[in-house]
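Scroll down for the structure; my scribbles are underneath it.
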Number of protein chains: 2
Amino acid sequence: MANYPHSGRILVAVDCIIFGFDGECLKLLLIKRNFEPELGKWSLMGGFLNEKEDLHAAAVRILFNLTGIHNPYLEQVHTFGQIDRDPVERTISVGYYSLISIHDQDPAALANHNASWIELSQKPSLIFDHDQMVEVALRQLRYKAAMFPIGFELLPNTFTLPQLQKLYEAIYNVSLDRRNFSRKILSTQILESTGEKDAASVTKKGTLYRLNADKYQDYLKGFNSFLPEFAELT
Amino acid sequence: MANYPHSGRILVAVDCIIFGFDGECLKLLLIKRNFEPELGKWSLMGGFLNEKEDLHAAAVRILFNLTGIHNPYLEQVHTFGQIDRDPVERTISVGYYSLISIHDQDPAALANHNASWIELSQKPSLIFDHDQMVEVALRQLRYKAAMFPIGFELLPNTFTLPQLQKLYEAIYNVSLDRRNFSRKILSTQILESTGEKDAASVTKKGTLYRLNADKYQDYLKGFNSFLPEFAELT
DNA sequence: CCTTAATTGTGTATATTTGACACATTAAAA
DNA sequence: TTTTAATGTGTCAAATATACACAATTAAGG
């Protein structure tokens with residue numbers, strides 16, 4: 001193993017792939033750059049890691065600056081390290097994806113950064129390797145959402161089954177059978193009825209549900225038990 | 001977004017979590033350090049990213065130096081960026097895990113680096129955050145192996161069904177029903193019989209199989225179609 | 001040479017889960 | 001009050017998973 005290097009520098013950036021859901025479509029929060037380099041083009045929101053800053057903390061900081069959200073759902077996706085990915089200087093970038101409820105952010109902060117919600121299907125080309133980052137993040141979101149009900153991060157606190165179904169349909173770009181979807185979700189017991197009905201609906205008003213935090217924890221533990229001896233390792 | 005930083009440096013390292021399989025147990029290739037820092041302690045094999053080097057290429061280089069293997073199965077796991085994870089200097093480390101057939105390496109290269117195969121259940125404590133890296137890599141290996149037959153990377157070119165079953169049992173630390181396992185694996189058609197029998201067996205000699213590369217590709221394509229519109233994004 | 005022990009190969013019955021679809025209910029608007 | 005567009009609940013067949021029985025192969029020991 002080599003000793004610690006004496007010269008040269010490689011910058012470390014963090015870029016955020018921010019997913020939102022408006023009830024119909026999966027959207028991305030993108031910024032139209034009003035700064036160099038690549039002024040005027042679309043990109044993800046990003047920044048450089050500070051010398052005395054945790055990687056995760058940097059992602060939280062960047063997301064907070066853009067949206068005003070303090071406790072985002074945030075997961076590291078992948079680190080992108082091609083030599084010429086940033087033409088200005090050698091930079092590797094750690095991608096984080098976030099799921100946020102689309103009406104939660106601070107609109108002033110968004111405007112400050114020239115940020116907009118763009119439907120995934122309408123996504124413009126992004127600078128550098130940001131298109132690839134979105135691809136990888138979407139793939140990871142899909143894998144993860146297939147196993148864990150993280151999709152709830154994209155919905156308001158209470159929601160109807162049809163709303164939840166539309167979210168899954170948007171994530172996977174498929175159409176699901178309403179009745180089978182309902183049966184499967186309710187069988188997990190992670191939802192509890194609020195007893196109220198969705199006032200916004202124009203026809204029959206659906207039941208509003210919320211996530212039952214305890215049952216949700218049980219559900220996740222059930223998954224861990226598929227990997228029974230993970231603890232034995234430590 | 002901030003401008004490119006003018007001062008300070010953050011080093012970028014790559015560490016490799018190398019899994020192997022001896023027919024019974026899942027093993028890790030670890031090195032007993034004969035260099036500073038942390039001389040005499042156990043660690044993963046790692047190194048620093050060079051200024052003009054792809055991230056993935058750095059992982060390949062490090063693995064080649066240790067094992068003499070040219071085309072390893074290698075996947076990025078996660079990037080570890082706690083401030084004090086390396087006490088000498090601020091360093092973030094990109095973890096890659098590798099699956100290699102346990103008899104493929106160059107023994108001289110291993111000896112040079114003071115490296116040994118250690119059963120996962122016997123793993124000593126490692127330096128820095130390397131224990132955590134192993135945890136995360138194992139979790140990722142398990143997720144991935146549940147969906148894709150990457151386990152073959154850990155076996156010789158030809159193998160019997162019982163050997164393959166033992167591999168899965170070692171990865172998940174479970175016991176599986178021999179007959180159901182056999183039926184499930186063979187139904188994928190990704191294995192083809194070599195027509196030969198395992199000479200090493202002491203009782204009934206099992207049929208030797210090899211991976212059918214074409215069928216394996218078809219099988220992977222089938223998975224991609226579960227994410228039907230992924231292409232629409234680009 | 002014949003039995004025993006250990007392991008591999010193949011089959012089958014049952015339970016569980018999934019997928020496709022029918023029908024009743026609710027609410028607003030015409 | 002009829003129509004329209006949703007939501008809520010049920011049923012049946014097909015596919016899949018699970019549990020377990022039994023036959024075949026090989027080496028070793030009497």
Side-chain angles (χ1 to χ4, degrees), chain A residues 22-25 145-149 155-156 158-170 172-210 219 222-223 225-228, chain B residues 22-25 145-149 155-156 158-170 172-210 219 222-223 225-228:
Chain A
D22 66 356
E24 291 293 332
C25 296
M147 288 187 282
F148 303 99
L155 290 172
T158 68
F159 46 85
T160 65
L161 285 187
Q163 284 167 0
L164 183 62
Q165 181 179 340
K166 279 195 176 132
L167 169 59
Y168 274 86
E169 290 178 335
Y172 294 105
N173 202 18
V174 292
S175 56
L176 302 171
D177 184 279
R178 193 167 48 84
R179 296 145 298 185
N180 295 333
F181 180 81
S182 161
R183 175 158 39 95
K184 209 161 162 182
I185 286 285
L186 293 178
S187 73
T188 65
Q189 313 239 316
I190 60 180
L191 294 189
E192 61 184 15
S193 168
T194 65
E196 299 182 355
K197 299 281 181 176
D198 178 27
S201 171
V202 292
T203 62
K204 176 167 182 176
K205 297 176 188 321
T207 304
L208 283 170
Y209 290 88
R210 75 168 73 84
Y219 184 79
F223 257 108
S225 72
F226 178 66
L227 313 174
Chain B
D22 67 355
E24 290 294 329
C25 296
M147 289 187 282
F148 302 99
L155 290 173
T158 68
F159 47 85
T160 66
L161 286 187
Q163 284 166 1
L164 183 62
Q165 182 179 339
K166 279 194 176 132
L167 169 59
Y168 274 86
E169 290 178 333
Y172 294 106
N173 203 19
V174 291
S175 58
L176 303 171
D177 185 279
R178 194 167 46 87
R179 296 147 294 190
N180 295 333
F181 180 81
S182 159
R183 179 153 37 90
K184 208 162 162 182
I185 287 285
L186 291 179
S187 75
T188 64
Q189 312 240 316
I190 60 181
L191 294 190
E192 61 183 15
S193 168
T194 65
E196 299 183 355
K197 300 281 181 176
D198 177 26
S201 171
V202 292
T203 60
K204 179 167 180 175
K205 298 173 188 324
T207 304
L208 283 170
Y209 290 89
R210 75 169 73 86
Y219 183 80
F223 257 107
S225 71
F226 176 66
L227 312 173

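Proteins get letters first, then strands, A, B, ... in listed order; numbering begins at 1 in each. In this text, all values refer to a predicted model and were calculated from it rather than measured experimentally. All values below were derived from every heavy atom in this structure, side-chain atoms included, with hydrogens, water molecules and symmetry-related copies excluded.
For A/Tyr209, the ring pair (Phe, Tyr, Trp, His ring centres under 6.0 Å) criterion is met by no residue, not counting sequence neighbours. Residues meeting the side chain to side chain donor-acceptor pair (under 3.5 Å) test with B/Thr207, sequence neighbours left out: B/Lys197. Residues passing the salt bridge (Lys or Arg N to Asp or Glu O under 4.0 Å) test with B/Glu24 are B/Lys166, sequence neighbours excluded. Checked against salt bridge (Lys or Arg N to Asp or Glu O under 4.0 Å), B/Asp198 has no partners two or more places apart in sequence or in another chain. Judged as a side chain to side chain donor-acceptor pair (under 3.5 Å), and not counting sequence neighbours, A/Gln163 has no contacts. Partners of B/Glu192 according to the side chain to side chain contact (heavy atoms under 4.5 Å, CB included) rule, which considers only residues two or more places apart in sequence or in another chain, are B/Arg210, B/Asn212. For B/Lys204, there are no side chain to side chain contact (heavy atoms under 4.5 Å, CB included) partners, not counting sequence neighbours. In this structure A/Ser182 satisfies the side chain to side chain contact (heavy atoms under 4.5 Å, CB included) test together with A/Leu161, A/Leu186, sequence neighbours excluded.
Atom-to-atom, CG of B/Leu164 to P of C/dG9 comes out at 12 Å; the value is rounded to the nearest Å. When the P atom of D/dA6 is taken as reference, atom CD of A/Glu24 falls 10 Å away, rounded to whole Å. Taking atom CD of B/Gln163 as the reference point, atom P of C/dT7 lies 14 Å away to the nearest angstrom. A straight line from CG of B/Leu176 to P of C/dT8 spans 14 Å, rounded to a whole angstrom.
Comparing A/Thr160 and B/Lys197, the nucleotide of DNA chain D nearest to each residue sits closer to the 5' end for A/Thr160.
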All N/O contacts under 3.5 Å from nucleotides 18-23 of chain D to the protein, with atom names and distances to one decimal?
from, atom 1, to, atom 2, distance (Å)
D/dT18, O4, B/Arg183, NH2, 3.2
D/dA19, N7, B/Asn180, ND2, 3.1
D/dA19, N6, B/Asn180, OD1, 3.2
D/dA19, N6, B/Arg183, NH2, 3.3
D/dC20, N4, B/Arg179, NE, 3.1
D/dA21, N7, B/Arg179, NH1, 2.9
D/dA21, N6, B/Arg179, NE, 3.3
D/dA21, N6, B/Arg179, NH1, 2.7

Considering only nitrogen or oxygen atoms on both sides, find all protein atoms under 3.5 Å from nucleotides 28-30 of chain C and state each distance.
from, atom 1, to, atom 2, distance (Å)
C/dA28, OP1, A/Lys205, NZ, 3.2
C/dA28, O4', A/Val202, O, 3.2

Review item, nucleotides 28-30 of chain D N/O atoms under 3.5 Å of protein N/O:
none

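Sorted by first and then second residue, the pairs that involve residues 176-186 of chain B and meet salt bridge (Lys or Arg N to Asp or Glu O under 4.0 Å), not counting sequence neighbours, are B/Asp177-B/Arg179.
Close to D/dG8, at under 4.0 Å from its OP1 or OP2, lies a side-chain N or O of A/Thr207.
Between B/Ser193 and B/Gly195, the shortest heavy-atom distance links the atoms OG-N, 2.9 Å.
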